[in-house]
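We're numbering straight along the sequence, starting at 1.
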Amino acid sequence: MLLNTKHFGQLEVDEKGIIDFPEGLPGFEDAKRFVLIANSGEDSIFQWLQSIDNLDLAFVVIDPKIIKDDYIVDVPEEEVEELQIDESSETIVLCIVVVPEDLAKMTANLKAPVIINNTSKKGKQVVLDNNDYEIKHYIMQELRQRGG
């Protein structure tokens with residue numbers, strides 16, 4: 001499938017990689033199909049979650065373990081069933097990143113990660129019942145503290 005995206009221009013996408021978000025993402029409920037795109041730099045810690053339904057829409061995402069190596073996701077049972085997660089499922093956890101002009105103020109939403117069942121290709125943004133995680137977690141500050 002060939003897409004004409006806002007951020008990447010023409011992009012060839014394998015339809016097997018399309019992830020279905022039945023409810024969309026909060027604030028973007030009409031965008032229900034996405035693909036994950038690796039960032040162009042080999043050493044980049046970021047990826048893109050590109051919408052198929054709205055080609056102008058793409059989110060920068062990051063593996064939360066890069067920011068906090070002790071990050072734990074306790075997905076409520078209702079979401080586990082909805083995402084069809086079982087012992088044989090490959091699950092991907094990502095956090096949406098907000099990139100302002102001042103990169104020192106870049107944040108990741110650790111409170112509401114995007115959970116993807118990479119086996120069934122279903123995804124959902126889930127709000128965690130954990131007050132240790134914030135909606136705006138400063139990435140650069142955390143990486144500096146870890147020496148990254």
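When hydrophobic clusters are built by joining Ile, Leu, Val, Met, Phe, Trp and Tyr residues whose side-chain heavy atoms come closer than 4.5 Å, directly or via intermediates, Val73 is grouped together with Ile85. Note on Ile72 and Val80: same hydrophobic cluster, where clusters join Ile, Leu, Val, Met, Phe, Trp and Tyr whose side-chain heavy atoms are under 4.5 Å apart, directly or indirectly. Ile135 and Leu110 are members of different hydrophobic clusters when ILVMFWY side chains are connected at heavy-atom separations under 4.5 Å. Cluster membership check: Trp48 shares its hydrophobic cluster with Val93, using side-chain heavy-atom separations under 4.5 Å among Ile, Leu, Val, Met, Phe, Trp and Tyr. Under the 4.5 Å side-chain contact rule for hydrophobic residues, Leu57 and Leu94 share a cluster.
With sequence neighbours left out, Glu15 forms a side chain to side chain contact (heavy atoms under 4.5 Å, CB included) with Met1, Ile18.
Paired with Lys124 under the rule salt bridge (charged side-chain N to carboxylate O under 4.0 Å, His left out), one option of Glu82, Glu78, Glu81 passes, and it is Glu82.
Distance alone, capped at 3.5 Å, is enough to place a donor-acceptor pair between the Asp53 side chain and the Arg33 backbone. Between the side chain of Gln125 and the backbone N or O of Ala112 there is at least one donor-acceptor pair closer than 3.5 Å.
Side-chain polar atoms of Asn54 and Ser51 form no donor-acceptor pair below 3.5 angstrom.
Atom CG of Asp56 sits in a crowded spot, with more than 12 heavy atoms from other residues, nucleotides or ligands closer than 6.0 Å. Other residues, nucleotides and ligands place no more than 12 heavy atoms under 6.0 Å from the CG atom of Asp30. Atom CG of Asp74 sits in a sparse spot, with 12 or fewer heavy atoms from other residues, nucleotides or ligands closer than 6.0 Å.
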Listing, residues 58-67 side-chain donor-acceptor contacts under 3.5 Å, not counting sequence neighbours, or none:
from, atom 1, to, atom 2, distance (Å)
Asp63, OD1, Lys65, N, 2.8
Lys65, NZ, Tyr71, O, 2.9

Please tabulate, one pair per line, all N/O donor-acceptor pairs under 3.5 Å involving side-chain atoms of residues 20-27, not counting sequence neighbours.
none

